[in-house]
Number of protein chains: 2
Amino acid sequence: MRKALADSEIETRRRYPVPAETDPAIEALVQDIIGKVADKWTMLILEALQEQGTLRFTQLGKAVGRISQKMLTQTVRQMEQDGLVHRTVHPVIPPHVDYTLTPLGESLSAAFCGVWIWAEAHHAEILRAREAFAAARKA
Amino acid sequence: MRKALADSEIETRRRYPVPAETDPAIEALVQDIIGKVADKWTMLILEALQEQGTLRFTQLGKAVGRISQKMLTQTVRQMEQDGLVHRTVHPVIPPHVDYTLTPLGESLSAAFCGVWIWAEAHHAEILRAREAFAAARKA
DNA sequence: TCCGACACTCTCCTTTCGGTGCGTATAAAT
DNA sequence: ATTTATACGCACCGAAAGGAGAGTGTCGGA
């Protein structure tokens with residue numbers, strides 16, 4: 001247990017002030033977008049539509065995996081609202097609805113591509129880190 | 001209102017079966033990782049540490065923006081567990097804790113970089129899409 | 001002697017997430 | 001006449017996320 005005096009020596013290592021923030025309105029908007037877009041279901045739907053092109057409701061559900069109808073509807077509606085997907089309703093019976101990525105959606109999908117690659121490349125490393133953490137905790 | 005017969009003509013446009021899935025265990029793990037990593041707070045903390053280098057608890061909180069202590073602690077602990085951040089405790093009084101990205105964390109940050117750029121580049125477009133959606137809804 | 005600083009933890013409390021199940025419209029197939 | 005298929009909306013419910021505020025331990029400074 002060292003004294004608090006040692007603190008200053010640590011402190012001097014980085015002394016830059018908190019940098020000036022950019023326009024808070026834009027910042028808030030970007031955070032909002034990140035909050036919506038960095039969502040598990042959004043990412044999975046994006047991914048599914050990206051590699052399948054066009055899918056209808058139930059097909060999309062199967063492509064995503066274990067997602068409930070409710071979440072699928074909800075997420076897809078939000079994505080439509082944000083201009084990420086295009087929803088085409090064919091007025092036939094029984095109903096038929098097609099979903100496709102808009103150019104905006106495609107660009108986001110491309111941006112997320114790096115994250116997918118990262119996840120596939122580093123999952124083993126994460127598992128190791130978790131084990132190391134658990135082991136270190138016992139001691 | 002057209003008849004359901006028109007359906008088949010729509011249907012024939014894409015006729016590929018759902019493609020074979022990859023190893024379900026890996027797939028589940030990747031989805032789990034995505035679920036953890038594609039989190040608003042994780043992304044914001046990653047971003048903050050990426051551009052500030054090293055931060056201590058309260059500094060990190062300010063850098064992120066409006067985050068509660070609870071969420072900050074919680075997220076940062078999860079990130080530590082997954083090997084994304086390194087946490088250094090200086091045993092002085094009052095306490096002093098430093099947070100830095102690990103190489104793994106830096107690589108994830110780099111992967112997310114594209115998403116940040118995307119968000120900054122397209123936020124205006126999203127706003128327009130939302131307005132268009134709201135306008136179309138009235139009609 | 002009391003306050004403030006730091007990095008939390010702990011206890012409520014409210015909001016959101018997400019699942020299940022039911023209803024609906026209508027034509028075609030059995 | 002009954003069933004089936006499709007893409008949902010709606011209501012209900014438990015679980016989890018997340019915020020607010022108080023408490024903690026110790027020391028240096030007023």
Side-chain angles (χ1 to χ4, degrees), chain A residues 1-11 31-32 34-45 49 54-81 85-100, chain B residues 1-11 31-32 34-45 49 54-80 85-100 137:
Chain A
M1 279 289 195
R2 279 144 76 215
K3 300 279 182 61
L5 286 177
D7 204 29
S8 60
E9 126 202 352
I10 296 166
E11 193 64 18
Q31 284 209 12
D32 171 64
I34 291 292
K36 286 220 174 83
V37 134
D39 167 70
K40 190 188 171 190
W41 299 130
T42 304
M43 283 190 65
L44 293 173
I45 291 173
L49 287 178
T54 298
L55 289 174
R56 43 193 301 192
F57 189 77
T58 39
Q59 289 179 322
L60 183 53
K62 281 177 191 166
V64 167
R66 35 184 67 262
I67 184 173
S68 66
Q69 286 190 340
K70 182 183 173 183
M71 275 298 101
L72 185 52
T73 311
Q74 210 173 91
T75 310
V76 122
R77 282 281 147 70
Q78 179 67 55
M79 290 172 77
E80 188 193 2
Q81 201 174 130
V85 301
H86 185 233
R87 181 162 169 271
T88 314
V89 181
H90 303 282
V92 294
I93 285 167
H96 184 150
V97 182
D98 278 333
Y99 295 96
T100 322
Chain B
M1 280 288 194
R2 279 143 76 216
K3 300 279 182 62
L5 287 177
D7 203 30
S8 60
E9 127 202 352
I10 296 166
E11 192 65 18
Q31 284 209 13
D32 171 65
I34 291 293
K36 286 219 174 83
V37 133
D39 168 69
K40 190 189 172 190
W41 298 131
T42 304
M43 282 191 65
L44 293 172
I45 290 173
L49 287 178
T54 297
L55 291 174
R56 41 195 301 193
F57 189 79
T58 40
Q59 289 179 322
L60 183 53
K62 281 178 190 165
V64 167
R66 37 184 68 263
I67 183 173
S68 65
Q69 284 191 339
K70 182 183 172 181
M71 274 299 99
L72 185 53
T73 311
Q74 209 172 96
T75 310
V76 121
R77 284 280 147 71
Q78 179 69 55
M79 291 171 77
E80 190 194 0
V85 300
H86 186 233
R87 182 164 167 269
T88 314
V89 181
H90 302 284
V92 294
I93 286 167
H96 184 150
V97 181
D98 280 333
Y99 295 95
T100 322
R137 203 176 175 182

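Distance B/L60 CG to C/dC8 P: 10 Å, rounded to the nearest Å. Distance A/R87 CZ to D/dA7 P: 10 Å, rounded to the nearest Å. Rounded to an integer number of Å, the gap from NE2 of A/H90 to P of D/dC8 is 12 Å. Whole-Å rounding puts the A/Q59 CD to D/dA5 C1' distance at 14 Å. Whole-Å rounding puts the B/H96 NE2 to D/dC27 C1' distance at 16 Å. Following rounding to the nearest Å, B/I67 (CD1) and D/dA17 (C1') show an atom-to-atom distance of 13 Å. To the nearest angstrom, P of C/dA7 lies 11 Å from CG of B/L55. Rounded to whole Å, atom P of D/dA20 lies 11 Å from atom CD of B/Q69.
If you check every strand for non-hydrogen atoms under 4.0 Å, A/Q74 touches nothing.
Here D/dG18 is the nucleotide among C/dG18, D/dG18, D/dG9 with the atom lying nearest to any side-chain atom of B/K70. Considering only the side chain of B/M71, D/dG19 comes nearest among D/dG19, C/dG18, C/dC8. Here the side chain of B/I93 is nearest to one of C/dC8, D/dC27, C/dA7, namely D/dC27.
For the side-chain contact (heavy atoms from CB on, under 4.5 Å) with A/L49, the lone residue among A/L44, A/L60, A/T54 that qualifies is A/L60. Among A/K40, A/M79, A/M71, the one residue that satisfies the side-chain contact (heavy atoms from CB on, under 4.5 Å) test with A/I45 is A/M79.
When each of A/K40 and B/F57 is assigned the nucleotide of DNA chain C bearing its nearest heavy atom, the one mapping closer to the 5' terminus is B/F57.
Of the possible donor and acceptor atoms, none in the side chain of A/Q78 sits under 3.5 Å from a partner among the backbone N and O of A/T75.
Atom-to-atom distance recorded for B/Y99:OH and B/R56:CZ is 11.0 Å, nearest 0.5 angstrom.
Checking the phosphate oxygens (OP1, OP2) of C/dC6, no side-chain nitrogen or oxygen of B/R56 falls inside 4.0 Å. Contact annotation: A/T58 side-chain N/O to D/dA7 OP1/OP2 distance is under 4.0 Å. OP1 and OP2 of C/dC8 both lie 4.0 Å or more from every side-chain N or O belonging to B/T73. Put simply, A/R77 has a side-chain N or O that comes within less than 4.0 Å of OP1 or OP2 on D/dG9. Considering only side-chain N and O atoms, A/W41 lies under 4.0 angstrom from the phosphate OP1 or OP2 of C/dG18.
A 4.5 Å side-chain heavy-atom check between B/H96 and B/F57 finds every atom pair outside the cut-off.
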